[in-house]
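Data first, discussion second: the structure below is written as structure tokens.
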Amino acid sequence: MKTMLAIISNALCRITGRTVGAQTVSELLIDLSEYVNVTSPAAPALAATPRQPPKPPPVSARASAAELVSAQSDQLDRPGARVVVSRSFADFTPQASFDIKKCDVHRLEEGPPLKAELTREQGLQYYRIMQTVRRMELKADQLYKQKIIRGFCHLYDGQEACAAGIEAAINPSDHLITAYRAHGYTYTRGVSVKEILAELTGRKGGVAKGKGGSMHMYAPRFYGGNGIVGAQVPLGAGIALACQYQGNDQVCVTLYGDGAANQGQLFESFNMAALWKLPCIFICENNQYGMGTSMERASASTDYYKRGDFVPGIRVDGMDVLCVREATKFAADHCRSGKGPIIMELQTYRYHGHSMSDPGVSYRTREEIQEVRSKSDPISMLKERMLSNNMASIEEFKEIDVAIRKEVEDAAQFATSDPEPPLEELCNHIFHNNPPLEVRGTNPWVTLKSVS
Amino acid sequence: MAAAARFFTRGANSKLSLSGIGTGAQSSFGVTLLKLSPSCNSRTKTQRRHAAHFTFQPDPVPTQYGPTQKMNLFQSVTSALDNTLASDPTAVIFGEDVAFGGVFRCTVGLRDKYGKDRVFNTPLCEQGIVGFGIGVAVAGATAIAEIQFADYIYPAFDQIVNEAAKYRYRSGNLFDCGNLTIRAPWGCVGHGSLYHSQSPEAFFAHCPGIKHCRNINLFLNVCVFSSVEQVPVEAYTVPLSQAEILQEGSDVTLVAWGTQVHVMREVADMAQEKLGVSCELIDLQTILPWDVETVCKSVVKTGRLLISHEAPVTGGFASEISSTVQEGCFLNLEAPISRVCGYDTPFPHIFEPFYIPDKWKCFEAIRRMINY
């Protein structure tokens, strides 16, 4: 058995070019054992096998698998006999510390820490969030192509680490506002997948009652969902002013993109925020393309974290959820301590085009997209980290995936079968706090009632 | 319908031109009818693939401008821009994404032909684009600025209204930016929702100092490729501020611009067929200054007026036309002037087929006016 493990491990190392975790090998053996009579010598020999990585694998679990196999080796004479191995969750590492990329800073003495702590629960939670957003966006893609969703649809896959990381670092009582690529944030701010998809299809079960669509989704403490590029940034500064005024120690996270970074209103907002020391975290989600224009062709300076000039800034790896989380925590502390606004640039990437009508390959190569997908995908990165540190098992991830898939399927089902909002809704919610009024319509003799 | 391309002569009145190109809508008539009974909610009907809410009928071939070629609207715009850049060495085109051809394909091939110093992209900043354009024009070059959708023009509103419109007036004719043209596609497309469907003409109609022209329809996506006509190839000019009578009639005057003209054509046919009513169809073409004379003359003849546009009815441009016409032709009117416009709400997402002034609503308006 020892020799077999060594042989398999070495072979895998050669094939993949990386060190192969003991878990991978043991799982391979477990899978193989369904078909092959895998006999084992004495268990202790197994435990003594020197194996990479340095972190001790759950020797007991592997040994038990081997023991189980050897104990049942007689019954394994029949091909197809299954060997069931269970892993107890106590075998997993509860917490680990990871190195994260150093952040470039602007007008700051020091940046966020270089190490991030991750517990098992947190890891699984981030995975769940990111995977849900990913699946939800892919489902939206599918529904759009079936023409069940119409209009404009800007998808967020590839950028999940930003939404998940930010949400992990702020409190539910903090505020957030973003531009039109909002589905991910709508989810992390507490809206269910069902309501998001129903809003995309324009049904009354949607989060904005079907009246907003893709770009206009809202939730308590989440101010959308804004169509005009850059217009949400002064709004975010205003929300931050309200927080400061009410003295509730909350911050406002205001997001915009690399395209919007050239809008005049942003600089007006930076000035006001710095002047009045507003607790506003301005975050530039730099996915390198403003629609079809690469950042070099649109911006004289692509150091978006420095564009605030007198506002301190950090540049963060936006594909690493831990990096985003640590940086956002750092930024939130900065704001809450009364030091004023701060700018974060998240370097991220979107797999889809700008919107569903953009194939996304006329201004960038497929190879580039593939490269990012294989090397820096946020979900894979988190998964690998957790697996190689033995914080979770592949089965667990599979279970989570299956559960998410079902959730998204059910949501899509709801979104396609829910009725559209009734006609009375057309004229409701025009003014605030108004007594019911008559809304003039397309013809002089037709008026609709608005009940505000 | 007049030829789709316009070639602007500059200098004549030395005012800023603002041209809008209407975008077509897509929704099926069946959906509209269905929406009239709110309890009806069949999934299959509302999810049916939508066609445009009117049928396009091409104009007769113009003969007075030289040889013609089959083009659709965005190709005609490209042709006009091509002619401009060819004959005017100071002309430059700029805006978001114009270099590769533009999101409405109006500048395809121009960068390759004329060079990147004459056709170039700007960053994402409408206020900057227009302000920059004003500067270019004031210094003597011909500037053609593109705003990607009319809904995005509001950051530039201050520049247009406070700078461009008043430049000549406030400098006592020392400077003018008559060389500036701002192009912006407007109108509903069937799925544009709040920020890709607006018709902001009323905001600019209130601003003396700019000329606001609605080029005939540029249909988005589905319809654009089908709206093909014969268009003159050489450069030619069509005067601004002149409405065009597309169809002569004797009972009702219909006034519209942009996509709505096509809807009105169908309405005119329907009225003829079902009510025996002969409609005179006028395409206003220019919003500011608008051709008061043609419209009034027509109303004097017919005695009834129907104005229709997608923008909300309160404060919409139809109110200006209505008011002026009743001042001038009060005793000639047989029935109150009818306005069939959008509701006084933000342009809706899911309710669009119900919101727009489609042919059935216009038809109903005609019927009521006839029976007044």
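Proteins get letters first, then strands, A, B, ... in listed order; numbering begins at 1 in each.
Looking only at heavy-atom pairs under 4.5 Å with chain A, the residue among S193(B), P357(B), A365(B) that has the most is A365(B). Of the residues considered (C427(A), G292(A), G212(A)), G212(A) shows the highest number of contacts with chain B, using heavy-atom pairs under 4.5 Å. Ranking N121(B), D97(B), T122(B), L124(B) against chain A, the residue ahead of the rest is L124(B), based on heavy-atom pairs under 4.5 Å. The candidate from P346(B), P123(B), A99(B), C341(B) with the greatest count of non-hydrogen atom pairs under 4.5 Å with chain A is C341(B). When the candidates Q265(A), R297(A), M291(A) are compared by the number of heavy-atom contacts under 4.5 Å with chain B, M291(A) comes out ahead. For the set Q263(A), K211(A), E425(A), the count of heavy-atom pairs under 4.5 angstrom toward chain B peaks at Q263(A).
Looking at E364(B), both its backbone and its side chain come within 4.5 Å of chain A, counting heavy atoms on both sides. Looking at H216(A), the atoms closer than 4.5 Å to chain B (heavy atoms on both sides) all sit in the side chain, from C-beta outward. Heavy-atom distances place no part of A300(A) under 4.5 Å from chain B, backbone and side chain included. In this structure, chain B has a heavy atom under 4.5 Å from the side chain of I430(A), while its backbone stays farther away.
Applying side-chain contact (heavy atoms from CB on, under 4.5 Å) to R181(A) and the options H352(A), M215(A), H354(A) leaves one that passes, H354(A).
Listed here is the closest heavy atom pair of A198(A) and F414(A): CB-CE2, 3.8 Å. Closest approach of E310(B) to G187(B), counting heavy atoms only: OE1-CA, 3.4 Å.
Ring centroid separation for the pair F120(B) and F94(B) comes in under the 6.0 Å cut-off. Taking the centre of each ring, Y156(A) and H183(A) stay at or above the 6.0 Å mark. Taking the six-membered ring for Trp, F270(A) and F282(A) have ring centres closer than 6.0 Å.
Judged by the 6.0 Å distance and 45° axis criteria, R364(A) is positioned over the aromatic ring of Y289(A).
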